[in-house]
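One structure is given below, encoded as structure tokens.
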Amino acid sequence: LMYLAEKYKQFMPMDWRHKTECINWLMWQMGSAPFVGGGFGHFFAYAPYKMEYPINRYTMETKRQLDVLDKHLAKNRYMAGDTYTI
């Protein structure tokens, strides 16, 4: 996505400050959301038996991640500024 956004000059700010913010949120999402959502989903629905600690751990971390998003979007139109980006 980053390659295409830069190649076609769309969905990625050109100003280095806004671009850095966009990349920071993109890397945050790539690094945390799949691991947390996947961990929660696995232990909640697919583990061979219910394990309280990992379910509680991933549930709380998923809630924390969603709270970060909710608080940020309460003050901003999009995650990275006022324009739609990757």
Side-chain angles (χ1 to χ4, degrees):
L1 282 178
M2 291 174 62
Y3 168 77
L4 293 172
E6 290 180 349
K7 179 177 179 178
Y8 294 104
K9 297 181 180 13
Q10 294 182 351
F11 306 115
M12 175 79 75
M14 294 294 116
D15 172 64
W16 69 269
R17 288 183 180 147
H18 294 111
K19 184 176 184 175
T20 300
E21 181 182 7
C22 178
I23 293 171
N24 284 344
W25 279 112
L26 179 64
M27 294 300 134
W28 175 82
Q29 183 272 329
M30 288 172 47
S32 62
F35 172 73
V36 171
F40 171 75
H42 171 74
F43 286 108
F44 185 77
Y46 301 111
Y49 57 92
K50 296 292 182 195
M51 294 175 268
E52 184 178 357
Y53 175 77
I55 291 172
N56 291 342
R57 165 74 171 89
Y58 284 109
T59 298
M60 292 305 297
E61 184 60 18
T62 300
K63 287 179 181 180
R64 189 190 71 78
Q65 298 282 343
L66 293 174
D67 188 54
V68 168
L69 291 173
D70 190 49
K71 287 178 179 176
H72 184 78
L73 288 172
K75 298 177 184 176
N76 299 280
R77 184 173 181 186
Y78 298 107
M79 289 308 294
D82 292 330
T83 57
Y84 188 76
T85 63
I86 61 171

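Just so it is clear, the model here is predicted, and its values are computed rather than measured.
Remark: Leu66 CG is packed, more than 12 non-hydrogen atoms of other residues, nucleotides or ligands lying under 6.0 Å away. Around atom CG of Asp15, more than 12 heavy atoms belonging to other residues, nucleotides or ligands sit under 6.0 Å away. No more than 12 heavy atoms of other residues, nucleotides or ligands lie within 6.0 Å of CE in Met60, so this atom counts as exposed by the packing criterion.
Residues Leu4 and Phe11 are members of separate hydrophobic clusters, defined by side-chain heavy-atom contacts under 4.5 angstrom among Ile, Leu, Val, Met, Phe, Trp and Tyr. With hydrophobic clusters built from ILVMFWY side chains whose heavy atoms lie under 4.5 angstrom apart, Leu1 shares a cluster with Tyr84. Residue Val68 is not grouped with residue Ile23 when hydrophobic side chains (ILVMFWY) are merged at heavy-atom distances under 4.5 angstrom, including chains of intermediate members. Using a 4.5 Å cut-off between side-chain heavy atoms of Ile, Leu, Val, Met, Phe, Trp and Tyr, with links allowed through other members, Tyr78 and Leu26 fall into the same hydrophobic cluster.
Atom-to-atom distance recorded for Gln10:CD and Thr83:OG1 is 12.0 Å, nearest 0.5 angstrom. Taken to the nearest 0.5 Å, the OH atom of Tyr58 stands 9.0 Å off from the OH atom of Tyr53.
Between Cys22 and Pro13 the shortest heavy-atom distance is CB-CD, 3.9 Å. Taking each heavy atom of Met12 and Met14 in turn, the nearest pair found is O-CE, 3.2 Å. The two residues Gln65 and Ser32 come nearest to each other via the heavy atoms OE1-OG, 3.2 Å.
At least one donor-acceptor pair closer than 3.5 Å links the side chain of His72 to the backbone N or O of Met79.
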Task: Met2/Ile86 under side-chain contact (heavy atoms from CB on, under 4.5 Å): CA gap, chis, key distance, verdict - done: CA-CA 8 Å; Met2 291 174 62; Ile86 61 171; 3.9 Å; yes

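Ring geometry for Phe44 versus Phe40: interplanar angle under 30°, hence parallel rather than tilted (30 to 60°).
Taking the ring centre of Phe43 as origin, the terminal cationic atom of Lys50 falls outside the region bounded by 6.0 Å and 45° from the ring axis.
Contact check on Lys71 versus Asp67 returns a salt bridge, with a Lys/Arg side-chain nitrogen under 4.0 Å from an Asp/Glu carboxylate oxygen.
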